[in-house]
Chemist: 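Provided herewith is a single structure, encoded as structure tokens, for subsequent inquiry.
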Amino acid sequence: MNFPELHGWDLSATEAVALQRELAQRVDLTPRLGDCRILAGADISYNKFSTTLYATIVVIAWPSGDVLETQDVVAEQTFPYIPGLLSFRELPPFLTAFRRLQTVPDVVICDGQGIAHPRRFGVAAHLGMWLGIPTIGCGKSRLCGTFTPPDLPRGSTSPLMDHDQRIGTVVRTRTGINPLFVSPGHAVSHEQAVEVVLMASPKYRLPETTRLADHRVNLLRQQANAAAAESPAYPDADSSENLLNSDTPEAD
DNA sequence: GCGACAG
DNA sequence: ATCTTGTCGC
């Protein structure tokens with residue numbers, strides 16, 4: 001995919017919040033979503049206490065579910081996780097992966113919120129503004145807003161409200177299972193966002209795109225861990241003590 | 001000041 | 001998000 005640089009990423013948390021307020025003004029949710037035959041999912045994983053991020057994009061055909069393309073990226077974290085500023089941590093590696101993508105998806109389903117965000121600029125809205133294609137926020141939990149739990153049957157919904165404004169929809173994708181938090185990211189309506197998420201989640205709680213990306217990104221990380229254990233860049237302290245100290249006199 | 005807080 | 005075994009329920 002090809003897309004222009006929207007802004008730089010060398011920001012403080014304060015600057016990031018200011019940028020969100022600025023960019024949120026330009027969010028355009030005018031529905032421009034046509035056919036949904038090519039869906040994309042994106043996910044990130046990392047080792048606890050590590051700053052290395054593993055990112056994966058999975059593109060699938062629908063309704064066949066066939067995987068059309070995947071892209072993996074390993075990158076160092078450039079921004080920490082701060083609630084409300086998730087996109088500044090996750091978008092840099094995602095954008096690298098999307099640049100390498102040969103297939104242009106009809107819609108991207110993101111892990112996290114779209115406009116259901118304190119400044120109406122969650123990760124899906126931010127990604128959509130960069131890519132210029134329809135995106136949907138589909139979080140497993142709530143960032144902000146109030147709601148009444150939807151009825152138990154799959155397909156039941158309940159509006160996610162921030163005071164008097166609707167910012168998303170709480171959607172039950174499996175009967176009796178915890179609902180998802182769905183909101184428009186870019187170029188989609190509330191209704192379309194819900195429709196797409198329900199379509200992409202026929203059997204499990206999470207959309208197939210999210211499940212596939214989640215599975216693959218964890219394989220990527222675990223394989224990297226195994227490779228690192230097999231041929232470490234630097235031997236661990238215990239096994240290297242003798243080698244490292246062989247020409248170093250002991251202290252008195 | 002206190003509680004909440006996507007991944 | 002990650003760590004982590006078994007277990008309760010449809």
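Residue numbers begin at 1 in each chain, while the letters A, B, ... track the order of the sequences. Values below: every heavy atom of this structure, side chains too, minus hydrogens, waters and symmetry copies.
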Chemist: For the pair made of NZ in A:Lys48 and C1' in C:dT4, what is the distance, rounded to whole Å?
Modeler: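 Roughly 10 Å, once rounded to whole Å.
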Chemist: Stepwise, does the side-chain hydrogen bond (donor to acceptor under 3.5 Å, both in side chains) test hold for A:Gln113 with A:Arg142?
Modeler: CA-CA 8 Å; A:Gln113 317 300 327; A:Arg142 181 196 71 99; over 6 Å; no
Chemist: Does B:dG7 have OP1 or OP2 sitting under 4.0 Å from an N or O in the side chain of A:Ser141?
Modeler: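 Looking at the OP1 and OP2 atoms of B:dG7, one of them is under 4.0 Å from a side-chain N or O of A:Ser141.
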Chemist: Is there a side-chain contact between A:Arg142 and the phosphate of B:dC5, meaning an N or O under 4.0 Å from OP1 or OP2?
Modeler: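 Answer is yes, contact under 4.0 Å.
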Chemist: In whole angstrom, what separates A:Gln20's CD from B:dA6's P?
Modeler: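 Rounded to the whole Å, the gap is 14 Å.
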Chemist: Nearest whole Å is fine: how far is B:dA6 C1' from A:Leu180 CG?
Modeler: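 Spelled out: CG on A:Leu180 to C1' on B:dA6 is 12 Å.
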Chemist: Salt bridge or not for A:Asp111 and A:Lys140, using N-O below 4.0 Å?
Modeler: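 Salt bridge present between A:Asp111 and A:Lys140.
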Chemist: Produce a footprint string for nucleotides 5-10 of chain C: one letter per nucleotide, 5' end first; B if the base is under 4.0 Å from any protein heavy atom, S if only the sugar-phosphate is, - if neither.
Modeler: ------
Chemist: Mind checking if A:Gly84 touches a base, just sugar-phosphate, or nothing, with heavy atoms under 4.0 Å?
Modeler: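 Base contact.
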Chemist: Could you check whether A:Gly139 gets within reach of a base, just the sugar-phosphate, or nothing at all, counting any heavy atom under 4.0 Å?
Modeler: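 Sugar-phosphate contact only - A:Gly139 comes under 4.0 Å of backbone atoms but never of a base.
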Chemist: Side-chain N or O of A:Arg221 less than 4.0 angstrom from OP1 or OP2 on C:dT2?
Modeler: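 Yes.
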Chemist: Atom CD of A:Gln77 to atom C1' of C:dT2: distance rounded to whole Å?
Modeler: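 Roughly 14 Å, once rounded to whole Å.
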Chemist: Without placing hydrogens or testing angles, list every side-chain donor-acceptor pair under 3.5 Å for residues 53-61 of chain A, not counting sequence neighbours.
Modeler:
unit_1  : atom_1 : unit_2  : atom_2 : d
A:Thr56 : OG1    : A:Asp72 : OD1    : 2.8

Chemist: What's the verdict on side-chain hydrogen bond (donor to acceptor under 3.5 Å, both in side chains) for A:Glu208 and A:Ser201, showing C-alpha distance, side-chain angles and the deciding distance?
Modeler: CA-CA 6 Å; A:Glu208 287 303 308; A:Ser201 317; over 6 Å; no
Chemist: Pick base, sugar-phosphate or nothing for A:Leu91, based on heavy-atom distances below 4.0 Å to the nucleic acid.
Modeler: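 Nothing, no heavy atom under 4.0 Å.
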Chemist: Considering only B:dG7, B:dA6, C:dA1, which nucleotide approaches the side chain of A:Ser45 most closely?
Modeler: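 Nearest to the side chain of A:Ser45 among the choices is C:dA1.
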Chemist: For the base of C:dA1, is there a side-chain donor-acceptor partner from A:Tyr46 under 3.5 Å away?
Modeler: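 Indeed there is one.
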Chemist: In whole angstrom, what separates A:His117's NE2 from B:dG7's P?
Modeler: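 Checked: the NE2 to P distance equals 13 Å.
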Chemist: If every non-hydrogen atom of A:Arg172 is compared with every non-hydrogen atom of A:Pro179, which pair is closest and at what distance?
Modeler: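 Looking at all heavy atoms of both residues, the shortest contact is NH1-CD, 3.6 Å.
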Chemist: Rounded to whole Å, please give me the gap between CG in A:Asp43 and C1' in B:dG7.
Modeler: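 That distance rounds to 8 Å.
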Chemist: Roughly, in whole Å, what's the span from CD in A:Gln222 to C1' in C:dA1?
Modeler: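 That distance rounds to 14 Å.
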Chemist: May I have the distance from A:Asn218 (atom CG) to C:dT4 (atom P), rounded to whole angstrom?
Modeler: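 So the two atoms are 14 Å apart, to the nearest Å.
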Chemist: Please tell me if A:Lys140 has a side-chain N or O lying less than 4.0 Å from either OP1 or OP2 of B:dA6.
Modeler: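 Negative; the distance criterion is not met.
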Chemist: Once rounded to the nearest 0.5 Å, what's the spacing between atom NE2 of A:His126 and atom CZ of A:Phe121?
Modeler: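 It comes to 4.5 Å.
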Chemist: Please, what dot-bracket string fits DNA chain C when only Watson-Crick and G-U pairs with both distances under 3.5 Å count, crossing ones use [ ] and pairs to another strand use |?
Modeler: ..........
Chemist: Rounded at 0.5 Å granularity, tell me how far CE in A:Met199 sits from SG in A:Cys36.
Modeler: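 Output value for this atom pair is 5.0 Å.
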Chemist: Taking the six-membered ring for Trp and the full ring for Phe, Tyr or His, determine whether the centres of A:Phe3 and A:Phe98 are under 6.0 Å apart.
Modeler: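 When the ring centroids of A:Phe3 and A:Phe98 are compared, they turn out to be at least 6.0 Å apart.
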Chemist: Dump the intermediate steps for side-chain hydrogen bond (donor to acceptor under 3.5 Å, both in side chains) on A:Gln71 and A:Arg100, then the final yes or no.
Modeler: CA-CA 7 Å; A:Gln71 286 294 337; A:Arg100 295 177 185 170; 5.0 Å; no
Chemist: Report the relative orientation of the aromatic rings in A:Trp130 and A:Trp9; use parallel for angles under 30°, tilted for 30 to 60°, perpendicular for over 60°.
Modeler: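 Taking A:Trp9 first and then A:Trp130, their aromatic rings lie parallel (interplane angle under 30°).
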